[in-house]
Amino acid sequence: MLELLFLLLPIAVAYGWVMGKHNAKKEMLQQQNSLNKALNSSVSLLLNNKEEQAFDRLIQYLDDTPANIENYLTLAKLFRKKGEIDKAIAIHEGLVKTDQIQIPSYELEIIKLELAQDFTSAGMLEHSLETLLPLLKSEHANEALLMILHIYEQTREWEKGVEAYLIAKPSMLNDQSRQMVSHFYCEMADQSDNIKNKKQFYKRAIKVNSNCIRSLVSLAKLYLLLNNKQQSRELVVQVLDKEPSFAPALFDIAPECFVDEFEQAAWLYWLIKEKKINSVNAHNQMADFIAKEKGTEAARKYVIEQLRYVPSVRGFGKLIELEKELFTSEEHFFELQQLIKRYIELKPNYECKSCGFSTNNFSWRCPACNNWQSIKPLTGLDGI
């Protein structure tokens, strides 16, 4: 009898394992079906523009589902999306402070980032900063720094943003955060009345981000004020090497960098032939130089050639200017000139490459999407 019991024992264990697995699989299928129903219901509501009801349906599902970290985080994001920030904060703070769930440090840092986002959304910037600053030494240093920089960007506390950058773990930072910091340095330079400090801040901006065009352009202007034309020229060339599309923005300072018109013409030739920059202003300036050296007819032919290649309103305006002698009435000539000028004034000169915002006035930060160095001179028919 004892032998029979020993023989039946493995069978009983196997049966228990099979039944347990079957029950677990059945429970998993039930949860999956419940999730599918919740998702299908939510998608249907979203398609019918019932976003509020869709969120409520998902929240109800998550409330009825056995608790886990992923569910808590998803629930908190839904509350934040609905504008119920206090509930999102309560969930995230509960996860940070709980001792009932063992949360790995990496995931705990993510929860703290979400909590900081809640505080920021609620306008509780000090609480957000208190949560983020300790994360600057963590594996999530870059995400924490970006959030900190966006806060100080709102409050225009550029120095504090730089201080946070200096605390952060350097190996974890990416180009996006470095670009923001470089503009913080430029803001500090622009606000300073001390030439030495200005130069130092611009140089630090370049050290943080070698592709910070703003610091190169600003430093070029500063060297012009100090009558250091050679240094200014070198910086202008660096700008064009790194970002040729900024060429039109340099035409207000570039002529002052050169000793005479011959040097300026050589620079224009280099822009057009070597750098392949299709800037209307560059071609129009070249046409003026050709008119002085070779006469109006040669300049007219040059402008017509460029218009065939890239039609533009400003190029057409230059052609009208060169064709002045062909007009039988000076009144008609000035009337046409004024119409072209008026058209150009009504059209934007710059466009943000991130959001499409267009403007007549150049700025280093887009007022629509707040991205730095995303506004570029327009090209094409209305280009500069």
Side-chain angles (χ1 to χ4, degrees), residues 178-179 182-183 185-294 299 302-303 306 310 314-315 318 349-350 353 361-365 372-379 383-384:
R178 292 180 188 280
Q179 184 188 57
S182 67
H183 284 282
Y185 271 121
C186 288
E187 289 290 338
M188 290 166 64
D190 291 347
Q191 290 178 1
S192 175
D193 294 325
N194 186 290
I195 295 293
K196 185 178 179 181
N197 287 342
K198 277 181 176 287
K199 191 189 297 185
Q200 188 178 43
F201 287 140
Y202 288 136
K203 286 183 175 181
R204 285 180 184 175
I206 296 169
K207 187 175 180 179
V208 171
N209 173 27
S210 60
N211 292 318
C212 181
I213 303 301
R214 177 184 182 179
S215 53
L216 292 170
V217 172
S218 300
L219 203 52
K221 291 179 179 179
L222 186 61
Y223 278 122
L224 270 181
L225 288 174
L226 299 173
N227 203 31
N228 190 339
K229 293 188 176 184
Q230 181 179 348
Q231 191 70 50
S232 184
R233 276 200 305 273
E234 290 175 3
L235 289 165
V236 166
V237 171
Q238 281 187 52
V239 171
L240 295 170
D241 280 337
K242 293 176 182 293
E243 193 65 69
S245 63
F246 271 99
L250 296 171
F251 290 139
D252 60 333
I253 63 168
E256 299 177 42
C257 296
F258 302 100
V259 177
D260 52 33
E261 288 185 352
F262 179 80
E263 274 195 5
Q264 185 180 347
W267 177 70
L268 287 170
Y269 182 87
W270 175 75
L271 277 181
I272 294 165
K273 297 296 182 181
E274 298 297 326
K275 302 300 292 183
K276 309 293 181 186
I277 292 173
N278 290 315
S279 164
V280 183
N281 286 345
H283 288 299
N284 285 353
Q285 286 188 25
M286 179 60 80
D288 290 337
F289 180 76
I290 291 172
K292 288 180 181 178
E293 293 296 312
K294 299 182 179 179
Y302 177 80
V303 172
Q306 300 310 316
V310 182
R314 284 178 171 79
K318 175 57 68 175
N349 296 327
Y350 304 94
K353 298 305 178 183
N361 302 311
F362 179 78
S363 63
W364 290 107
R365 184 174 60 161
W372 292 97
Q373 206 169 291
S374 59
I375 292 181
K376 305 287 178 68
L378 275 170
T379 56
I384 60 173

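Proximity of Tyr302 to Phe289: side-chain heavy atoms (C-beta onward) are nowhere separated by under 4.5 Å. Side-chain contact between Cys212 and Cys186: present, with at least one pair of heavy atoms (C-beta onward) separated by less than 4.5 Å. Residues Gln179 and Gln373 are in side-chain contact: their nearest non-hydrogen atoms beyond the backbone lie under 4.5 Å apart.
Considering only residues two or more places apart in sequence or on other chains, Asn349 meets the side chain to side chain contact (heavy atoms under 4.5 Å, CB included) condition with Arg314, Asn360, Ile384. Listed by chain and number, the residues in a side chain to side chain contact (heavy atoms under 4.5 Å, CB included) with Asn361 are Thr359 (sequence neighbours excluded). Every side chain to side chain contact (heavy atoms under 4.5 Å, CB included) that Tyr269 has, sequence neighbours left out, goes to Lys273, Met286. The side chain to side chain contact (heavy atoms under 4.5 Å, CB included) check on Lys353 picks up Glu351, Lys376, with sequence neighbours excluded.
Heavy atoms only, all atoms of each residue included: Ala287 and Val303 are closest at CB-CG2, 3.6 Å. Residues Arg365 and Ile375 approach most closely at O-CD1, 4.2 Å, considering heavy atoms. Counting all heavy atoms, side chain and backbone alike, Ala299 lies closest to Ile290 at N-CG2, 3.6 Å. The two atoms that bring Val280 and Gly315 nearest to each other are CG1-N, 3.5 Å, heavy atoms only. Considering every non-hydrogen atom in both Ala282 and Ile272, the closest pair reads O-CD1, 4.1 Å. Asn197 and Ser192 make their closest contact through CB-OG, 3.5 Å (heavy atoms, listed as atom of the first residue, atom of the second, distance).
Atom CG of Asn228 sits about 9.0 Å away from atom CZ of Arg233, to the nearest 0.5 Å. The line from CD of Gln230 to CG of Leu235 is 11.0 Å long, rounded to the nearest 0.5 Å. In this structure, Glu234 CD and Lys229 NZ are separated by 15.0 Å, a value rounded to the nearest 0.5 Å. To the nearest 0.5 Å, atom CH2 of residue Trp372 and atom NE2 of residue His183 are 6.5 Å apart.
Aromatic ring centres of Trp364 and Tyr350 lie farther apart than the 6.0 Å criterion allows.
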List the atom pairs, with distances to 0.1 Å, where a side-chain N or O of residues 203-210 and a protein N or O form a donor-acceptor pair under 3.5 Å, not counting sequence neighbours.
{"residue": "Asn209", "atom": "OD1", "partner": "Asn211", "partner atom": "N", "Å": "3.2"}

Taking only distance into account, with no hydrogens and no angle test, what donor-acceptor pairs under 3.5 Å do side-chain atoms of residues 217-227 form with protein atoms, sequence neighbours excluded?
{"residue": "Ser218", "atom": "OG", "partner": "Arg214", "partner atom": "O", "Å": "2.8"}

**Request:** Let me see the working for Lys242 and Leu216 under side-chain contact (heavy atoms from CB on, under 4.5 Å), right down to the final yes or no.
**Result:** CA-CA 10 Å; Lys242 293 176 182 293; Leu216 292 170; 3.8 Å; yes
